[in-house]
Every structure is written in structure tokens, then in C-alpha cells.
Amino acid sequence: MGAAMRRIHVGNALSAFGLGFTVPYLYVYVAQVRGLGSVTAGLVLAVFAVAALVVLPFAGRAIVRRGPLPVLLTALVVAAVGALSLGVSGQAATVLLSAALLGAGQAVMQPALATMIVDCSPAETRSRAFALQFFLQNLGLGIGGLIGGHLVDTSSPASFTLLFGIEAAMFLLLVGVLATVRMPRAPRVADAPEGAKGGWRQLLGNRAMTQLLVLGFVLFFACYGQFESGLSAYGVEAAGISTSALGTALAANTLAIVVAQFAVLRFVERRRRSRVIAAVGLIWAVAWAIAGYAGLGHGSQTMATAAFVSTYALFGLGESMLSPTLVPLVADLAPEGMAGQYNSAFALVKQLALAIGPAVGGPLAAALPGPYIVVFLLFSLLMTALAVRLGQRLTQVQDRPWSLRATRVVRQGGTPAEAEEPAQA
């Protein structure tokens, strides 16, 4: 890795570490420590999602016009202000405003960092770069949450002020780390061909990208959107899982990612991206079936707990296969100079799915556990079907990036017909 890529990965780890400090304890902080009640705490969580949905459509255009680094630095400062003010806010209005700032800054960081990785990595090594990013994100979140859990005291608001202060310091430290990064010159919208200046209209006219956005929504809705809402509610209500066992399941998910990430990377790198995504859908369908056994199989409590922990571990295995696949595919679908726009669109779909997923999954899991499992098992199979269909629209280079090592040809944003001849050269 070059110096710029090393700093980007350090930045990823620092931002995840800071978020891990506060995200698991946000509800408790607002509802209990500040005494603002569960309704306000729920609104704070909703504000995070709404802020992301508001800023992401504009973030992509800003990244394309100004470059990812200035946009990232601005987002970090906004997030630092939001975190610091959230730690000292005692009124509902200021808490909600602070959460909006933190949520907006956090949302913009994702596509900006992803675009920086795209700009600093050749297509041949991009899968490895994003696998390392995902690994460091999960490691940072896990370590941050672990340390934060030992620092907080629900009887002491000052301990939470310290927590949010550390988070703000991480964001500002990241500003210092990245402010002097010398990014390679990437194409901007002013340099792009005339056909690449259409923004959202052009993006939605890219059939492969629109299919990937639909696939991404299904993926995030059926998996990530259920982790801390529907699936945990199902585990407690239907499977009788204790809170400590639920914590073990979440830890198993992180452990599976950390252990499997680089073990599966070599396998994933030599497989068609569409087939990898399809395989993840099948793995997650098995995970949902095992979850069904945990809650509906009428076995012993020990077996139910083991099955539930295995469900989270299988989800982690699937995530480790997707990390070197999805975002690099978004980058390869983007025409020259438009990676920021495409990354922001994918992040927008992700946020939308993460906002709708808990709202649908939580009540369904608590009221109708059997149908809940069936619905999301079918969503996983739908993900497989959509991935196979997507593969029919991808060029050889987009679906089989390892072919670049032989051809050394990079054709971004093209159609299968455009790429067919270079791929065979």
C-alpha cells in the first residue's frame, strides 16, 4: 500500500472506533441518563436515518465536483461538532439537532472514504483494499464498544460526556491524519466526457447499476436491518434467548468476520462477483432456517442458543464474502469521474434499507415469529436470484476482475458489448 492508502485505512479504523464508543449506548443515554424518555430516544435514532437520507443525494455530487478528501474533512468536522454537543445536551431539541449533525457527518464519511479507496487502488487490488477496510471497521467498532462499555456509568452523565468527547476527538484526529494526504489526481465531473455529466439521470439509466441498487436494498433489508431489531426480538421472544446469549451471538458475528475475512478473500477473488453474492444469499437462507429451528424447533434451550449463535456466525461469514465484492463492483460500474456519485447512491439505498428493516422486522418478529422467519428466508433466496440476473448484465471485467491481470484492460461503466472485445484481447 502507498502512504495515502495506509492513512485511509487508519482513518477507517479511527472513525469506527469512535462510533463504537457511543452507538450501542445512545438509546440508554437519551432515555435514561438525560431522562428524556423512550419516545425522544426513538426519535434520535430516527433522526440518524433521516439525516443520512437527506445529505447523501447531495454528497455524491459534491464528491464528484470537489473530490472525496475535502468532502470527508467537512463531514468529520460536522460529526465532531455533533458528537461533542450531544455529550453536553440536556434538552430534547438540542439532542435531536446534535444527532442530526452526527448522523449527517457519519453518513457522508462512508461514500467519501470508499471513493478515496477507489482513487488510490488499481482495479486488480481493489477487492483486497475493501476487505481490509471492512475488517478494520468491525475491529474498530468491537474494540470501541468494549472499552466504552467499561467507561459508562448510567448514574453519571459525565461518563457519557467523556464518551462523546472521545468520539469527537477521534474524528478530529482523523482530520489531522488525512488533511495532508496526497491523493492521486482523479477525474472530476468537469473532465468527464459529456455523457458522464448527467448525474442521477445517467446513473438510473445504467441498468446494471439499478439492478445492483435493488439487490443492495434486499440485502441490507434482509440482513443488516434485522441484526439489532427483528432478529434479536425473535431470539428473545420466540427462542427464549437470554440477553447474555444475545451478546454472545453478536460477538460470534464479529468473530466470524475477523477470522474469515482474509481466509475467504483468496476464494472470493477467483470467483465471479455475481456468483459470490448469489452464494451469500444461499448461506443466509440456511442461517434463517437455523434461526427457525432455534425458535420453533422445540429443542432444548442449549440447542436453541447454539443454533441462534450459529445464525449470527453464518451472517458474519456472508458479510466477509460481500466486503471485497459489493463496493468494488459499484466502483467498476461507475463511468470515469463518477465513482463518488455511485458510492453515494449505494450508501443511500443502504441507509433506506436500514431505516425500513427494523420498522418492519421488529414488530413482525415479536407478533408472528413463524412468518417472520419464512419472509426473510425468502428474501435471502430473492437475493440469490437477483444476483444471478445481475451477472447477465455485467461485463467480463466487472464480473471477473481477476481477468485484468491477464489483459490489463480497465473498462468502467461499459456495456457487455463494449467490453467483450477488450476482454478477449
Side-chain angles (χ1 to χ4, degrees), residues 16 20 23-24 130-146 149 218-268 271 276-297 299-326 354 357-358 361 365 369 372-374 376-377 379-381 383-384:
V23 170
F130 278 104
L132 182 57
Q133 179 204 31
F134 189 68
F135 172 83
L136 291 174
Q137 279 180 342
N138 280 275
L139 198 61
L141 285 170
I143 295 175
L146 183 63
V218 172
L219 184 155
F220 290 113
F221 175 77
C223 175
Y224 296 88
Q226 304 306 314
F227 272 174
E228 296 175 3
S229 57
L231 190 55
S232 58
Y234 169 84
V236 173
E237 297 292 338
I241 302 298
S242 65
T243 53
S244 61
L246 182 59
T248 302
L250 290 168
N253 175 261
T254 302
L255 182 63
I257 293 170
V258 171
V259 171
Q261 183 63 85
F262 297 104
V264 303
L265 181 58
R266 183 172 296 180
F267 171 82
V268 168
R271 299 296 183 276
V276 171
I277 301 171
V280 173
L282 295 177
I283 290 172
W284 285 354
V286 172
W288 283 111
I290 294 175
Y293 168 78
L296 309 171
S300 67
Q301 190 59 47
T302 301
M303 291 296 294
T305 300
F308 198 71
V309 171
S310 299
T311 296
Y312 273 82
L314 284 174
F315 277 123
L317 175 61
E319 291 174 77
S320 67
M321 295 170 66
L322 289 174
S323 61
T325 305
L326 275 177
L354 293 180
Y372 171 76
I373 292 295
V374 173
F376 284 96
L377 190 153
F379 264 104
S380 297
L381 296 177
M383 174 181 154
T384 296

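Remember, it's a predicted structure, so these values are computed and weren't measured experimentally. Only heavy atoms go into these numbers, but all of them, side chains included; no hydrogens, no water, no symmetry mates.
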Can you give me the closest heavy-atom contact between [X] and [Y], atom names plus distance?
| X | Y | result |
| --- | --- | --- |
| Val276 | Met321 | CG1-O, 3.8 Å |
| Ala291 | Ile373 | CB-CD1, 4.0 Å |
| Ala285 | Leu381 | CB-CD2, 3.8 Å |
| Ala307 | Ala294 | CB-CB, 3.8 Å |
| Ser310 | Ile290 | CB-CG2, 4.5 Å |

Before we go on, tell me: are the rings of Tyr372 and Phe376 under 6.0 Å apart, centre to centre?
yes
Check whether [X] reaches the backbone of [Y] with its side chain - one donor and one acceptor, N or O, closer than 3.5 Å.
| X | Y | value |
| --- | --- | --- |
| Asn253 | Ala249 | no |
| Gln301 | Gly240 | yes |
| Ser320 | Ile257 | no |

State, with a plain yes or no, whether a side-chain heavy atom of [X] is found less than 4.5 Å away from one of [Y].
| X | Y | value |
| --- | --- | --- |
| Gln226 | Tyr234 | no |
| Trp288 | Leu314 | no |
| Gln261 | Asn138 | no |

Could you label the plane-to-plane angle of the Tyr312 and Phe315 rings as parallel, tilted or perpendicular, counting under 30° as parallel and over 60° as perpendicular?
perpendicular
Inter-residue atom distance [X].[atom1] - [Y].[atom2], 0.5 Å rounding:
| X | Y | atom1 | atom2 | answer |
| --- | --- | --- | --- | --- |
| Leu265 | Ser323 | CG | OG | 7.5 Å |
| Leu354 | Phe221 | CG | CZ | 11.0 Å |
| Phe130 | Leu326 | CZ | CG | 10.5 Å |
| Leu322 | Met383 | CG | CE | 5.0 Å |
| Leu136 | Ile143 | CG | CD1 | 9.5 Å |
| Leu219 | Glu319 | CG | CD | 9.0 Å |

Just do the side-chain contact (heavy atoms from CB on, under 4.5 Å) check on Leu231 and Phe308 with the steps written out, would you?
CA-CA 9 Å; Leu231 190 55; Phe308 198 71; 4.1 Å; yes
